[in-house]
Amino acid sequence: EAGVAQSPRYKIIEKRQSVAFWCNPISGHATLYWYQQILGQGPKLLIQFQNNGVVDDSQLPKDRFSAERLKGVDSTLKIQPAKLEDSAVYLCASRSLNTEAFFGQGTRLTVV
Amino acid sequence: EDQVTQSPEALRLQEGESSSLNCSYTVSGLRGLFWYRQDPGKGPEFLFTLYSAGEEKEKERLKATLTKKESFLHITAPKPEDSATYLCAVHTNAGKSTFGDGTTLTVKP
């Protein structure tokens, strides 16, 4: 079974630039999560989708972050404009109703 | 507000030296508590799910237990390949998930 695919693996941008991350979840998984993991900390939930609807985006900084999940499959997370404190690993995870969450390898973002 | 606290932050063991990691939680309506292992540069990898106080799960050298306030991950006779960061996460009846900051385990040969 293919796992959760994320791209790119690494990204370096200057502050105030924009960046987008892509996630392809495991086939058939209705729930998709985006997490931000700052070095030395646990993952922090940014947004949770159920199919193509948003379940929880309470911790998403909506002035600069946006996410979409068109057709309830792939998802993109965008940051515009980026700040230095956005440097982190962005993890995508997916799950079905009766399974645990499966994580991708993440995208490491460095904002300089 | 849901809270998850893991201790210790870091743990160094000699190969074969058993120990336990702690995950204390305060949530309104626990649906499940999850343990994950995370290796450097990778996403978390699922280990266990515990649903109710008194439940225990085992896998190789790892055993997870759950009470109403905390969970323990017991590591018996660890090997160097058990070195990783261990994360716990709580999922609530409201559908929210919260991770702790993890315990980084180093096992020396």
Side-chain angles (χ1 to χ4, degrees), chain A residues 1-11 21 23-26 29-51 53-60 88-110, chain B residues 1-11 21-25 27-29 31-51 55 57 59 62 64 71 73 84-106:
Chain A
E1 179 181 73
V4 176
Q6 290 189 245
S7 67
R9 285 295 316 277
Y10 306 93
K11 190 75 177 179
F21 313 127
C23 173
N24 185 9
I26 292 173
H29 282 192
T31 305
L32 184 148
Y33 307 87
W34 281 103
Y35 289 90
Q36 179 193 60
Q37 188 174 25
I38 293 172
L39 187 64
Q41 298 182 16
K44 183 184 88 172
L45 180 67
L46 293 175
I47 189 166
Q48 176 183 342
F49 292 95
Q50 183 72 20
N51 296 307
V54 176
V55 173
D56 183 2
D57 64 356
S58 57
Q59 298 191 83
L60 186 73
V89 175
Y90 290 85
L91 293 164
C92 178
S94 71
R95 62 184 290 265
S96 65
L97 185 62
N98 297 315
T99 71
E100 68 276 12
F102 292 84
F103 283 81
Q105 294 210 60
T107 296
R108 181 177 297 277
L109 173 68
T110 303
Chain B
E1 182 182 334
D2 301 330
Q3 287 194 326
V4 180
T5 303
Q6 292 190 246
S7 61
E9 288 185 15
L11 182 62
L21 314 182
N22 177 263
C23 172
S24 298
Y25 63 91
V27 298
S28 51
R31 176 183 291 177
L33 186 142
F34 294 75
W35 281 98
Y36 291 87
R37 169 188 172 133
Q38 187 172 27
D39 292 295
K42 295 191 175 182
E45 178 185 343
F46 171 77
L47 293 173
F48 303 109
T49 310
L50 301 166
Y51 293 104
E55 189 175 1
K57 294 269 181 79
K59 180 181 178 180
L62 300 177
S71 177
L73 185 65
T85 295
Y86 291 85
L87 296 163
C88 76
V90 295
H91 289 241
T92 70
N93 293 327
K96 294 185 180 289
S97 67
T98 304
F99 275 82
D101 285 336
T103 293
T104 299
L105 174 66
T106 304

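Labels below follow one simple rule: chain letters A, B, ... track the order of the sequence lines, proteins then strands, and each chain is numbered from 1.
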Exercise. Can you check side chain to side chain contact (heavy atoms under 4.5 Å, CB included) on B:F46 and A:F102, steps first, answer last?
Worked result: CA-CA 7 Å; B:F46 171 77; A:F102 292 84; over 6 Å; no
For this session: Just jot down the ring pair (Phe, Tyr, Trp, His ring centres under 6.0 Å) partners of A:Y35, sequence neighbours excluded, or say none.
Result: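 A:Y35 satisfies ring pair (Phe, Tyr, Trp, His ring centres under 6.0 Å) with A:Y33, A:F103, B:F99 only.
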Exercise. What is the distance from atom CH2 of A:W34 to atom CD1 of A:I47, rounded to the nearest 0.5 Å?
Worked result: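 CD1 of A:I47 is found 10.5 Å from CH2 of A:W34.
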Exercise. Atom CZ in B:F48, atom CH2 in B:W35: separation rounded to 0.5 Å?
Worked result: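 Here the interatomic distance stands at 10.0 Å.
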Problem set entry | A:Q50 CD: over 12 foreign heavy atoms closer than 6.0 Å |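 More than 12 heavy atoms, drawn from other residues, nucleotides or ligands, come within 6.0 Å of this atom.
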Problem set entry | Structural part of B:Q38 lying under 4.5 Å from a heavy atom of chain A |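 The answer is the side chain of B:Q38.
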Problem set entry | Heavy-atom proximity to chain B below 4.5 Å, by part of A:A101 |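 A:A101 touches chain B through backbone and side-chain heavy atoms alike.
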Exercise. Where does A:Q41 contact chain B at under 4.5 Å (heavy atoms): side chain, backbone, both or neither?
Worked result: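 A:Q41 touches chain B through backbone and side-chain heavy atoms alike.
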For this session: Check whether the side chains of B:T104 and B:T85 place a donor and an acceptor atom closer than 3.5 Å, and report yes or no.
Result: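 Present: a donor and an acceptor within the cut-off.
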Problem set entry | Closest-packed option against chain A by number of heavy-atom pairs under 4.5 Å, given B:G43, B:P44, B:A94 |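 Sorted descending by pairs with chain A, the first entry is B:P44.
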For this session: Any salt bridge (Lys or Arg N to Asp or Glu O under 4.0 Å) involving residues 37-48 of chain B? Give me the pairs, sequence neighbours left out, ordered by first then second residue.
Result: B:R37-B:D39
For this session: Name all pairs fulfilling the salt bridge (Lys or Arg N to Asp or Glu O under 4.0 Å) condition that reach into residues 29-49 of chain A, sequence neighbours left out, sorted by first residue then second.
Result: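 Matches after skipping sequence neighbours: none remain.
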Exercise. Which members of residues 53-60 of chain A, sorted by number, sit under 4.5 angstrom from chain B on a heavy-atom basis?
Worked result: A:D56, A:S58
